[in-house]
A.B. asks: 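Got a structure here, written out as structure tokens. Questions coming.
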2 protein chains.
Amino acid sequence: MTNPRTHITLEHVAQAAGVTPMTISRFFRTPQKVSQGTRERISQAIEKLGYVADSTASRLAGKSRPMLAIVAPSLDLPYVPEIIEGVSEAADTVNAALMVFETRFSLEMQEKRIEAAIGWRPDGIIFVGDTVSDRSRRQITASGIPFVEAWAASDTPVGVDIGLSHRAIAAQMTGALIGAGYQTVAFGVRRLGYRVEVERLDGYLDAVSSAGRTPLVVDIADPGEHYKAGAMILRQALDLTSRPDALFLAGDVLAAGAIFECHRLGLAAPLDLAICGFGDSPISASIVPSLTTVRLPTRELGYAAVGHCIAGVPERVGLLAPEPIERESARLAFE
Amino acid sequence: MTNPRTHITLEHVAQAAGVTPMTISRFFRTPQKVSQGTRERISQAIEKLGYVADSTASRLAGKSRPMLAIVAPSLDLPYVPEIIEGVSEAADTVNAALMVFETRFSLEMQEKRIEAAIGWRPDGIIFVGDTVSDRSRRQITASGIPFVEAWAASDTPVGVDIGLSHRAIAAQMTGALIGAGYQTVAFGVRRLGYRVEVERLDGYLDAVSSAGRTPLVVDIADPGEHYKAGAMILRQALDLTSRPDALFLAGDVLAAGAIFECHRLGLAAPLDLAICGFGDSPISASIVPSLTTVRLPTRELGYAAVGHCIAGVPERVGLLAPEPIERESARLAFE
DNA sequence: CTGTTAGCGCTTTCAA
DNA sequence: TTGAAAGCGCTAACAG
């Protein structure tokens, strides 16, 4: 609880303005039903006392101050803040507050965080995570809170699913690299234990096998920093028995790290090795050589998710389809 | 409000378990005071119904589920998610939930967001922003909620101030560049209208004038993407009448953008132009050439801030002093 | 070990 | 235009 001594409530404002608490409540809710004079006295009392209405009490009593919860693995990934930015932008249009719950890539934590989120009775839960446990599903259903999966498409969605098929996207990109003439396309992931990474890997495997090629995977479990992980993947890719002429990385920051490592080793992308990323992070357009990648509609996803939780969010026509972007680091060709 | 039809409360669980709501409350709060048998029945009822306790109601009634609010300009800055990560790490130790309010670099918004944050009655507000308005100050004081300024030190703090003097740090770094022998150190900022940028600029001006040099400032107001802004600053710096031999940028991502632009223009850092950043973002250690910069204790700041709001957060000995880091892109020398 | 009563700060409904 | 009564879902304090 907040400091009990200096805790201003409706009651205090009411006294200062010489009316009942009810009138103060009206002042906020339906000011036109409060007389001009009273309104002014109330307004002065509020400013003087520095009163701020208690949203939690309002909620309990029935008037819903909008609030959303977002459950995501960690802010230490380029796409999570991006999605949140989209959520926040949409939330602003209806003055919704935002809670953020991090799962830290653990399914156990994820279950706990979903439970915590439900406990705060948000108007919606926007979910950027892994498979939802049965226990969570029961709780979500029982709570009646809209639950939007906004990153990885689910086979068995709990609520609304506006997620992407990372598998299909990875397959498409792999195909585009093969189509561009690269003979040996290797794939690099940093497996954090989350489903999307596996999906991207599977997508790569799909495309490679359907092209009749041999898969070449560098799969590290390094929990460290992304750029360094990318460098590590690059070095391991160069050590593979059959040396690849293209390296497809499951993330743009990883790819940027790989490009930096190329500089360090005196290799030139794409001449010595083509490099392709995933996600179109801000760095990708600026790095030298600029990074071929696939743009994912992260912000749009976040924005759209809010519309499924709260009414009154202005619709926006945003492209929700992933968009391959050919830049300097690798060629791309589609059938 | 959440869906009224499927809205499970203590009452429902109590009925299902054949006890009073009070006993269910006890089950959560002080399970040892509930008999073994009852405990089991309750536990089953909870799981079966998917019941999750309402934290807002708990709070109102007196039992404080810990919750923190963080007010920051935007997640689209490298340091904000970093600070939040620190906050979140500390919050986890006491199971505190986190609300995030973005001000979008507007003082007007900032006032609104602070008010919104107070409305939710968090156990503390962690503030990463600009100057706090008088109105906000009144509200903060009246609310009795701990308010921690955790980024820019304030001359007139509202509550606890653990912020950094960006001015002093910028002055120190500028001095170190001059000390290393650079003749003409230019400064580049992307002014978003927030106080820290002005402070960093002032710090640069302090050091330059105390060294008897002429200041050379590139100050752009570009609202676009950070890497591109860095590139723009670099080009403008090269166009200055007296061409600098060192460029100090008010942020690492800007500096990285400047380095990329050097590559593009065929310039080599630090030979043609030394480049120095601010903040030690993850990219700085990996970019080629690696970036000389100053490390700011962002995560630690976030972590420490929580300790000022909630009791029971394990103390951590983290270095809270900024640390200049000399890498390849510029030499540094201190008196 | 379990229940009863009162009330957190606000809003709903009804009355004046 | 304003007020009084009741209650949101939960917990404190007391009783049994």
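Throughout, protein chains are lettered first and strands after them, A, B, ... in sequence-line order, and every chain is numbered starting at 1. In this text the structure is predicted, and so the values were computed from the model without any measurement.
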A.B. asks: Expected output is a numbered-order residue list: members of residues 46-55 of chain A with a heavy atom under 4.0 Å from any atom of DNA chain C. What is it?
C.D. replies: Tyr51(A), Ala53(A), Asp54(A)
A.B. asks: dC10(D), OP1 or OP2 - any side-chain N/O from Ser25(B) closer than 4.0 Å?
C.D. replies: no
A.B. asks: Arg29(B) CZ to dT2(C) P: how many Å, rounded?
C.D. replies: 16 Å
A.B. asks: Please list, pair by pair, any protein nitrogen or oxygen found under 3.5 Å from a nitrogen or oxygen in nucleotides 3-5 of chain C.
C.D. replies:
| residue | atom | partner | partner atom | Å |
| --- | --- | --- | --- | --- |
| dG3(C) | OP2 | Thr20(B) | N | 3.1 |
| dG3(C) | OP2 | Thr20(B) | OG1 | 2.3 |
| dG3(C) | OP2 | Thr23(B) | OG1 | 2.7 |
| dG3(C) | O5' | Thr20(B) | OG1 | 2.8 |
| dG3(C) | N7 | Arg26(B) | NH1 | 3.4 |
| dG3(C) | N7 | Arg26(B) | NH2 | 3.2 |
| dG3(C) | O6 | Arg26(B) | NH2 | 2.3 |

A.B. asks: Can you measure Arg59(B) atom CZ to dC8(C) atom C1' for me and round it to whole angstrom units?
C.D. replies: 12 Å
A.B. asks: Given dT2(D), dG7(C), dT11(C), which nucleotide is nearest the side-chain atoms of Ala61(B)?
C.D. replies: dG7(C)
A.B. asks: Work out which heavy atom in Leu75(B) is nearest to a heavy atom in Glu102(B); give both atom names and the distance.
C.D. replies: N-OE1, 3.3 Å
A.B. asks: Less than 4.0 angstrom from a charged side-chain N to a carboxylate O is my criterion; do Arg299(A) and Glu82(A) meet it?
C.D. replies: no
A.B. asks: Could you say whether Arg65(B) or Arg41(A) is positioned toward the 5' end of DNA chain D, judged by the nucleotide with the nearest heavy atom to each?
C.D. replies: Arg41(A)
A.B. asks: Please tell me whether Trp151(A) and Phe127(A) form a close aromatic pair, meaning their ring centres lie under 6.0 Å apart.
C.D. replies: no
A.B. asks: For Ser165(A) and Ala153(A), which heavy atoms make the closest approach, and how far apart are they?
C.D. replies: N-CB, 4.3 Å
A.B. asks: Starting at CZ of Phe28(B) and ending at P of dA12(D), how long is that distance when rounded to a whole Å?
C.D. replies: 14 Å
A.B. asks: Which heavy-atom pair separates Phe28(B) from Ile46(B) by the least distance, and what is that distance?
C.D. replies: CZ-CD1, 3.5 Å
A.B. asks: Check the pair Arg41(B), Gln44(B) against side-chain hydrogen bond (donor to acceptor under 3.5 Å, both in side chains), reporting the backbone distance first and the verdict last.
C.D. replies: CA-CA 5 Å; Arg41(B) 266 179 301 135; Gln44(B) 274 163 23; over 6 Å; no
A.B. asks: In whole angstroms, how far is the P atom of dG7(C) from the CG atom of Leu10(A)?
C.D. replies: 18 Å
A.B. asks: Atom CG of Asp54(A) and atom CD1 of Ile8(A): how far apart are they, to the nearest 0.5 Å?
C.D. replies: 13.0 Å
A.B. asks: Assess whether a salt bridge exists between Glu300(A) and Arg316(A), defined as any Lys/Arg side-chain N lying under 4.0 Å from an Asp/Glu carboxylate O.
C.D. replies: no
A.B. asks: Quick one: Lys33(A) NZ to dT12(C) C1', roughly how many Å, whole number?
C.D. replies: 12 Å
A.B. asks: To the nearest Å, give me how far apart NE2 (His12(B)) and C1' (dG9(D)) are.
C.D. replies: 10 Å
A.B. asks: Give the rounded distance in Å between these two atoms: CD1 of Ile24(B) and P of dT2(C).
C.D. replies: 10 Å
A.B. asks: Check the distance between dC8(C)'s P and Ile8(A)'s CD1 and give it to me in whole angstrom.
C.D. replies: 15 Å
A.B. asks: Picking from dT11(D), dT1(D), dG9(D), which would you name as closest to the side chain of Leu60(A)?
C.D. replies: dG9(D)
A.B. asks: Quick check on dG9(C): is either OP1 or OP2 less than 4.0 Å from any side-chain nitrogen or oxygen of His7(A)?
C.D. replies: yes
A.B. asks: Between Arg59(B) and Asp123(B), is there a salt bridge with N-O shorter than 4.0 Å?
C.D. replies: yes
A.B. asks: Does a side-chain N-to-carboxylate-O contact under 4.0 Å join Asp76(B) and Arg104(B)?
C.D. replies: no
A.B. asks: Which is true for Thr56(B) with a 4.0 Å heavy-atom rule: it touches a base, it touches only sugar-phosphate, or it touches nothing?
C.D. replies: nothing
A.B. asks: Quick one: is dG9(D) close enough that its OP1 or OP2 comes under 4.0 Å of any side-chain N or O from Ser58(B)?
C.D. replies: no
